[in-house]
2 protein chains.
Amino acid sequence: MTSEIISVGTELLLGSIINTDAAVLSERLASLGISCYRQTVVGDNEERLTEVLEEALKRVDIVFLSGGLGPTEDDLTKETVAKVMGLKLTEDAGSRKAIEEFFRKRGKTPTDNNWKQALVPEGAKVVENPEGTAPGIIVEKDGKRVILMPGPPNEFVPMLNNSITPYLREISDSVIYSQTVKICGVGESAVESAILDIIDNQDDPTVATYAKTGEVHIRVTSKAADEKTAKKTVKPVIKELKRRFGVYIYATDDDITLEQSIIDMLKVNDLTMTVAESCTGGMLASRLVGVPGASDVFKAGFITYSNKSKRKLLGVRGSTLDKFGAVSSKTAAEMAKGASSVAKAQVAVSITGIAGPDGGTDKKPVGLVYICCFLRGKSEVREYHFSGNRNKVRESAVAAALTLLRQTVLEDFSRKEFGDLSEK
Amino acid sequence: MTSEIISVGTELLLGSIINTDAAVLSERLASLGISCYRQTVVGDNEERLTEVLEEALKRVDIVFLSGGLGPTEDDLTKETVAKVMGLKLTEDAGSRKAIEEFFRKRGKTPTDNNWKQALVPEGAKVVENPEGTAPGIIVEKDGKRVILMPGPPNEFVPMLNNSITPYLREISDSVIYSQTVKICGVGESAVESAILDIIDNQDDPTVATYAKTGEVHIRVTSKAADEKTAKKTVKPVIKELKRRFGVYIYATDDDITLEQSIIDMLKVNDLTMTVAESCTGGMLASRLVGVPGASDVFKAGFITYSNKSKRKLLGVRGSTLDKFGAVSSKTAAEMAKGASSVAKAQVAVSITGIAGPDGGTDKKPVGLVYICCFLRGKSEVREYHFSGNRNKVRESAVAAALTLLRQTVLEDFSRKEFGDLSEK
């Protein structure tokens, strides 16, 4: 089964936003064994969209379109698809209800142009969009399929996961089974060289690595006539990867994030935690609190951006700040210890660093970050040197903090040794 | 002058990497007044690349290609371009020297396949690549231009800035000038209805709205022979938008974010601020601290996720929590007031709500959020009902908190009245 992706949006052609939808969808299609030959971006322009869509329909079985489903005048993806497919637009009662509901919940009233979003091509499958007012649409005609999804990633991704992926699995002529091994604390190149032999000899299952900030994911995929066969092909490779990466693997489940695995681990071990953040300013806490049920583990956190707040809220000694500076292993250690005692949490993670663009010196350059994990009187402090802009440095620091937190708690309980691959 | 971008790379079609090159180049082209009608991604496949390139050359004046210039077998962009343009590949002495130099500097020796990178189509302009071994290539033939650049962003971006942009400026026949009006506190549909007349009658300048979480951006764009003319066309529309949206506009500068505008506003007014976050768990603080120089304004913040931490860290009364609950306007007000006094900051913003997926009741459903902005003894509390998953609710709450913070500080200083468009 072959496909192409058409992303619609003048803001994409102007470079105002980056096309993450296409990457997410392509990755999904690969995992489903649906070949994707092209990604195309066009503006909100009926003539050019028509041209691109007609070409694509000649080449492949499925054409995905994202964007241009909004309520505004220049959103014309749906209208263009209907024209090209020779279908009338008719109002979908369910979508109209969903739009009413959407606004009612938020104590607002829809404006006239919102109702435009309830129109769908006749005979189309309507895919609900709990995150927004534009429903997804699946049109099947003359052996071709056109699938429309909203552009905003916070609507696109849930719809892809909850509705489109199951649909694609159903129509796919073969079963694809894939499992992801999620690794933290090992760099991408180290991971790749550790499995070079597997990658070089891959055929079925296929093995692909994906680098995320502070993480590497290895996806093992097999395509077969039935799921049982595919699973049987994937299983031994997963087993081998577990043998090679051991404790560095935090999950083998697509839905588990690093922060989720940490919250679960702390919950199992009846530990509560807190954070003390300087340069990351709440970013670490925000990721942890993003996990449903985090409240069982995470009670409170401190954002101590100024020296004064480090002293007043966490009891960091003035002499420490004077002698070693706010960005130092000593300060990191006192921040974590202080946070632990003030919040009465057994585990505390602190981050202090120079995110830039200013504030760097020869001795303490932009990107220098100290992270401490305090656990029952024991402090583990590490020094990091991250590159990139202010935000990249902060994201890298948060990822490193989560990894250090996980390793500290793991070591505390499993007494497992971390091997050569460790980035210590 | 018209153009298209072709990004070559199977890793893009597999979703292993995100196509940032296309976004960076598109933004540059827009600023140079070179219309970009399409971005296309194809794999390292000679047949399909040939097809895409031939199509593009029929449609536009300039075709940009990035990727597939590496030393390996499957890098075939240059070879394909040469074939399509009917040109032989000949070795470029300068490129060969550059490759030797590149390896010498790194104490390495080139492998045979590296010399492949010194081959260029006969008569092509060679663009040096200090960051790597693949030179950029500009082919001019039969009134068409084909521009090849290496795929890795750390090579692509410097080459675009240092060599390609100056070249394009020389050959460009027009200028595009665009300005963005950034609005908060008004929904997309309301913005759209408020400027329907402008959008309906748009020609030059063009007017487009972009919805972000809690914000709407209106981009006004004009294309003209020179910048002066383009600016003159855009100016009156910007002026009219300012008249219609008034204080809801937080910036008319592409580089200013909502949090940046707030930090600046507080700085100007010599105000310091703090936050007390429950369900957003540091997300609000993280956005504020993301602004370079936030430290002048933002000293400390509190993540009080548990009732106990609300009492202990912020002095919220137990009776308030018992009687009204953690998610209530009373609790929000006491959180903000407490944070202000503990952090000794004049302004404090608090957020308490139910982000879900669990914890909702009939009286207090998932999505219910109370936000308070405390400023010099005065508290402004608002109740919100957000939809979407846990993360969307939290992002919406943060956006609303920033908007309320901005409005409160503005009202405090400008005594401006907010009109009908307000989401109060």
Side-chain angles (χ1 to χ4, degrees), chain A residues 10-11 13-16 18-20 22-24 26-27 30 36-42 48 70-74 102 105-108 111 113-114 130-131 154 158 208 210 280-283 285-286 288-290 292 295 298-306 308-309 313 343 357-358 390-391, chain B residues 12-16 18-20 22-27 30 36-42 48 187-190 192-193 199 208-211 280-283 285-286 288-290 292 295 298-306 308-309 313 343 357-358 367 385-392 394:
Chain A
T10 302
E11 66 271 36
L13 280 185
L14 290 172
S16 322
I18 293 169
N19 193 0
T20 53
V24 173
S26 294
E27 192 174 349
C36 178
Y37 289 148
R38 272 198 207 194
Q39 299 168 0
T40 308
V41 175
V42 279
R48 283 191 284 273
T72 71
E73 289 285 304
D74 59 337
F102 182 88
K105 266 193 189 159
R106 311 166 116 224
K108 290 189 230 153
T111 54
N113 46 16
N114 283 113
E131 315 297 338
N154 65 293
Y210 300 94
T280 51
M283 197 184 262
S286 182
L288 291 161
V289 170
S295 51
F298 188 95
K299 306 298 182 185
F302 307 85
I303 298 152
T304 53
Y305 205 38
S306 66
K308 194 175 170 192
S309 64
L313 299 181
D358 311 319
R390 182 178 179 86
N391 199 47
Chain B
L12 286 164
L13 281 185
L14 289 174
S16 324
I18 293 169
N19 193 0
T20 54
V24 173
L25 178 53
S26 293
E27 194 168 9
C36 179
Y37 289 149
R38 273 196 205 196
Q39 299 167 1
T40 308
V41 175
V42 279
R48 282 192 283 273
E188 188 191 16
S189 303
E192 173 77 18
S193 324
I199 288 177
T209 61
Y210 303 113
T280 49
M283 197 184 263
S286 184
L288 291 161
V289 170
S295 50
F298 188 96
K299 307 297 181 184
F302 307 84
I303 298 153
T304 53
Y305 204 39
S306 66
K308 193 175 171 193
S309 64
L313 299 180
D358 310 318
H385 295 265
F386 299 116
S387 59
N389 60 22
R390 182 178 180 88
N391 199 46
K392 187 67 171 66
R394 295 170 71 225

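Chain A is the first sequence line, chain B the second, and so forth, proteins listed ahead of strands; every chain is numbered from 1. Note that the structure is a prediction, hence the values are computed from the model and not measured.
Using a 4.5 Å heavy-atom threshold, the side chains of B:R38 and A:T40 count as touching. Residues B:P292 and A:R390 are in side-chain contact: their nearest non-hydrogen atoms beyond the backbone lie under 4.5 Å apart. Side-chain contact between B:T280 and A:S286: absent, with no pair of heavy atoms (C-beta onward) separated by less than 4.5 Å. In this structure, B:N19 and A:I18 have side chains that are not in contact, with every pair of non-hydrogen atoms separated by 4.5 Å or more. No side-chain heavy atom of B:K299 sits under 4.5 Å from any side-chain heavy atom of A:Y305.
Using a 4.5 Å cut-off between heavy atoms, A:D74 contacts chain B through its side chain alone, with no backbone atom that close. With a 4.5 angstrom heavy-atom cutoff, B:N391 does not touch chain A via any of its atoms. When heavy atoms are compared at a cutoff of 4.5 Å, A:T72 approaches chain B by way of both its backbone and its side chain. Within the 4.5 angstrom heavy-atom criterion, only backbone atoms of A:T304 (N, CA, C, O) approach chain B. Only the side chain of A:L313 comes within less than 4.5 Å of a heavy atom of chain B; its backbone N, CA, C and O stay farther away. B:Y37 touches chain A through backbone and side chain together, each having a heavy atom under 4.5 Å away. For A:P71, the part lying near chain B is the side chain, with the backbone staying farther off; criterion is any non-hydrogen pair under 4.5 Å. Using a 4.5 Å cut-off between heavy atoms, A:N154 touches chain B through its side chain atoms alone.
Atom CG of A:L14 and atom OG of B:S26 lie 8.0 Å apart (nearest 0.5 Å). Here the straight-line distance linking atom OG of B:S295 with atom CG of A:D358 works out to 9.5 Å at 0.5 Å rounding. B:Q39 CD to A:L13 CG: the interatomic distance, rounded to the nearest 0.5 Å, is 5.5 Å.
Considering every non-hydrogen atom in both A:K105 and B:H385, the closest pair reads O-CB, 2.8 Å.
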